[in-house]
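Only one structure is covered here, and it is reproduced in the block below.
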Amino acid sequence: MAGCRGSLCCCCRWCCCCGERETRTPEELTILGETQEEEDEILPRKDYESLDYDRCINDPYLEVLETMDNKKGRRYEAVKWMMVFAIGVCTGLVGLFVDFFVRLFTQLKFGVVQTSVEEYSQKGYLALSLLELLGFNLTFVFLASLLVLIEPVAAGSGIPEIKCYLNGVKVPGIVRLRTLLCKVFGVLFSVAGGLFVGKEGPMIHSGAVVGAGLPQFQSISLRKIQFNFPYFRSDRDKRDFVSAGAAAGVAAAFGAPIGGTLFSLEEGSSFWNQGLTWKVLFCSMSATFTLNFFRSGIQFGSWGSFQLPGLLNFGEFKCSDSDKKCHLWTAMDLGFFVVMGVIGGLLGATFNCLNKRLAKYRMRNVHPKPKLVRVLESLLVSLVTTVVVFVASMVLGECRQMSSSSQVGNGSFQLQVTSEDVNSSIKTFFCPNDTYNDMATLFFNPQESAILQLFHQDGTFSPITLGLFFVLYFLLACWTYGISVPSGLFVPSLLCGAAFGRLVANVLKSYIGLGHIYSGTFALIGASAFLGGVVRMTISLTVILIESTNEITYGLPIMITLMVAKWTGDFFNKGIYDIHVGLRGVPLLEWETEVEMDKLRASDIMEPNLTYVYPHTRIQSLVSILRTTVHHAFPVVTENRGNEKEFMKGNQLISNNIKFKKSSILTRAGEQRKRSQSMKSYPSSELRNMCDEHVASEEPSEKEDLLQQMLERRYTPYPNLYPDQSPSEDWTMEERFRPLTFHGLILRSQLVTLLVRGVCYSESQSSASQPRLSYAEMAEDYPRYPDIHDLDLTLLNPRMIVDVTPYMNPSPFTVSPNTHVSQVFNLFRTMGLRHLPVVNAVGEIVGIITRHNLTSEFLQARLRQHYQTL
């Protein structure tokens, strides 16, 4: 952020065009949630802040290190282990709460409606049963939408937002207690309301919020409840706990602690260390066994038996003992699995494309309107979904013969799924004895029960029924994801893919005559293919599915299918979570840059127009800087004005050395002059066109001077910190961008804390008389430091001086101007940096790099400009 100006004019592409153009730049359109055309690319927004993942090694921090010993270090580590255990237990309890009430409300709804259908079907009053179902669903969805109005960030699955947070982007309100409450109760009502959404995705978000808030022992929503808990008062510590919480959410949702750990590593965390791995796995195990313990005790009354490991349970895949020719899968089936992976990738890419278009439509036509419109959209989706489910269950289904194993208990349900579960989920609407309605069995059940039917039901499902179910579910799930309710995508994708896989199995059995295949395996592979095509995960999703099935032999086919589905989908578009990250304009950093970006250097992408402070600065200057800029870090510098010309006169050797230094050292003024020259030759430049209009009547000899003057005035003069000097419009480029010796970085939050606590000294005193703040005092207001615009600083003497050197970071990471972009990117991303100063060979700061200078869109623009200047 240090390279951006705070005013609206400076957010535009060219300052001199700011007040005269009626059209908005793509950056402004993105901030306003608008696009010029449907296919316009949404650029990363400049109003997103970064998190401080890098340590600030200042004097207060060094004082803490001086007091540390091995005993305190072990105590700190023990407290961290206790925290991750508490996060896992709390996440498991959150999952238990959601599962209990979803099951309660769903059983109540389907029980009432099913009784009504059986009663009114003979009288011809099925419309009354539909009205009852609508009453339940619309009420639940309305409540879920109201909760999202209270906290808009609670909408969706939350996985894109958590991914952004772990990448280093501060998403407002994403880990607040109010967000957790709205998320938990919202997903409870949205799932119970019959929408095609899952509760597993929001569990990941809920676990991340628990991980962020529990170690703080305070909440902005509960201001009066505070504990004196001095640990973990930094974004760096919070990031580790959020990683653990997200992994615990996956573990609680699927009963997959190892998969949860890999999910947090693959999909979420950008920064990882070996010590964190064990803590995240321990947190995931705690969540899994907490949920398992209570669910097993509540549902089966056998406390301590651990029979239900996760919210979503796939059951045991096992061939019937009477069928000796049956195998879960064979080597010949791998060819079919590869083809299914390709089809799953194509279907996933289609799903993502349609959902992206719907999201853009909502951004243009729904979100700008009053919030009630979002509630009405959610109710419309619920209405259509309910009518489709009811009509399809009653009209489109076929009566299929029950298998003998279903009547006495399917052998595939020996461990976690009993025969009672199978029989209770089979629907016999309008079908004679020993038959069941296959469409109603899929539609008129909770989604988890429908998945179990497709995985383990030995009875046949009609190919027409499976095809209609897949198409209807595909379209409705795509429409639903993105409305203003908490919603997950894992279960709808699994169910949709399971129907596709079961359809493939039916076709192979009935029309090709492959009687050896096991339908449940093809349903599982179809679910994996479609889910992989939508979310584009590989390692973690493979392990999650293996742990959910409790069958290690499925490892190879699941892995192959997911890899093929990912490669196929990546050929067309990104995964669904990356798409929604891009639609929000979040400056997310990928794993690495493209190869051709190494044609650029740090000097090509840095921002040379700096806002800086001196080691000793007057209060009036600090307040002015903080109130007129939006930067979150400021270089601490001193001016470098040497009398080198005097040395050059006396000695030729010294003169040659000084000339070499001047020719080889990049300066801010020289870089800015080079950029100004490149702007004049840029063919599509608005500035070029405007300058031509202004100088059309001028003499040719004056054209270059006027253009140079306009280019130099693009940057407003830096407000000088000394009262005896004032900015001048006659300053040259060297005066505006004079050499600055770099001494360190200081954060906005640190400067505000110093002003609030009156840390300063008078001009007549020594800087040693300035009060000193401890590390605990500097971090007391974390994570929400006061805003400079809300502070009353009238009691402070503006002539007083602040010595910032004890509180700045004197040794931040820096790079040379000649550093290749790939090296800059790897350093920035791996170390979790927020600001990266560019320092030349003599210790002068020549620019600064933030994550906005490393986004793919920014680098592509710089590369195009690089080609223009060749």
Side-chain angles (χ1 to χ4, degrees), residues 1-3 44 48-57 163-170 234-236 239-240 242-243 262 264-277 536-540 570 574-575 577-578 581-582 586-608 632-633 635 666 671 742 745 809 811-841 845-866:
M1 299 294 292
Y48 276 108
E49 303 173 14
S50 296
L51 294 165
D52 296 312
Y53 286 165
D54 187 27
R55 282 196 180 98
C56 181
I57 313 294
K163 182 177 180 179
C164 295
Y165 183 92
L166 294 173
N167 193 264
V169 181
K170 185 178 182 180
S234 69
D235 289 336
R236 187 186 185 93
R239 174 197 67 196
D240 294 344
V242 170
S243 300
L262 293 176
S264 186
L265 173 61
E266 176 189 7
E267 191 70 12
S269 298
S270 302
F271 322 106
W272 199 263
N273 58 70
Q274 186 177 6
L276 183 61
T277 306
R536 311 289 165 79
M537 295 189 303
T538 52
I539 302 175
S540 59
D570 286 342
K574 295 182 178 180
Y577 300 135
D578 291 327
V581 168
V586 179
L588 193 75
L589 299 184
E590 301 295 338
W591 284 104
E592 57 187 10
T593 60
E594 298 177 3
V595 176
E596 62 178 351
M597 292 304 167
D598 258 350
K599 298 175 183 178
L600 301 175
R601 307 292 181 94
S603 58
D604 297 320
I605 65 172
M606 71 181 187
E607 176 54 61
H632 288 269
L666 180 73
E671 176 64 21
F742 179 68
L745 276 179
N809 184 0
S811 55
F813 289 96
T814 59
V815 293
S816 163
N818 296 321
T819 308
H820 288 274
V821 163
S822 62
Q823 295 173 289
V824 175
F825 187 91
N826 291 335
L827 175 64
F828 195 98
R829 193 184 192 280
T830 304
M831 302 311 299
L833 304 182
R834 186 175 185 179
H835 307 90
L836 184 59
V838 183
V839 180
N840 65 16
I845 183 169
V846 294
I848 199 164
I849 295 173
T850 66
R851 68 170 45 247
H852 296 285
N853 303 106
L854 293 171
T855 59
S856 176
E857 294 78 6
F858 185 89
L859 293 178
Q860 289 287 351
R862 286 298 186 195
L863 188 62
R864 288 193 296 268
Q865 188 175 355
H866 172 75

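- Taking 4.5 Å as the limit, every side-chain heavy atom of Val581 sits out of range of all side-chain heavy atoms of Lys574.
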- [ ] For side-chain contact (heavy atoms from CB on, under 4.5 Å), just list the numbers for Lys163 and Val586, CA-CA rounded to whole Å, side-chain angles, deciding distance to a tenth of an Å, and then say yes or no.
- [x] CA-CA 11 Å; Lys163 182 177 180 179; Val586 179; over 6 Å; no
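- Put simply, the side chain of Leu166 reaches to within 4.5 Å of the side chain of Arg239, judged on heavy atoms.
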Task: Verdict with supporting geometry, Arg862 and Lys599, side-chain contact (heavy atoms from CB on, under 4.5 Å) - done: CA-CA 10 Å; Arg862 286 298 186 195; Lys599 298 175 183 178; over 6 Å; no
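- Crowding of Glu592 atom CD: a count of heavy atoms from other residues, nucleotides or ligands under 6.0 Å not exceeding 12.
- Without hydrogens or angle criteria, Asp604 side chain to Arg601 main chain gives a donor-acceptor distance under 3.5 Å.
- Using modelled atom types and a 3.5 Å distance limit, the side chains of Ser243 and Asp240 yield no donor-acceptor pair.
- Looking at heavy atoms from C-beta onward, Val824 lies out of side-chain contact with Ser822 at the 4.5 angstrom threshold.
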Open item on the list: Before you tell me yes or no, could you show the steps for Gln823 and Val815 under side-chain contact (heavy atoms from CB on, under 4.5 Å), namely the whole-Å CA-CA distance, both residues' side-chain angles and the distance that decides it to 0.1 Å?
Closed with: CA-CA 9 Å; Gln823 295 173 289; Val815 293; over 6 Å; no
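- Here the CG atom belonging to Asn840 is positioned 10.0 Å from the CD1 atom belonging to Ile845, to the nearest 0.5 angstrom.
- At least one donor-acceptor pair closer than 3.5 Å links the side chain of Asn853 to the backbone N or O of Ile605.
- To the nearest 0.5 Å, atom OG1 of residue Thr855 and atom CD of residue Glu590 are 10.5 Å apart.
- Contact check for Met597 versus Gln860: side-chain heavy atoms found under the 4.5 Å cut-off.
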Task: Stepwise side-chain contact (heavy atoms from CB on, under 4.5 Å) test for Trp591 and Arg829 - done: CA-CA 8 Å; Trp591 284 104; Arg829 193 184 192 280; 3.3 Å; yes
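- Between Phe813 and Met831, the shortest heavy-atom distance links the atoms CZ-CE, 3.6 Å.
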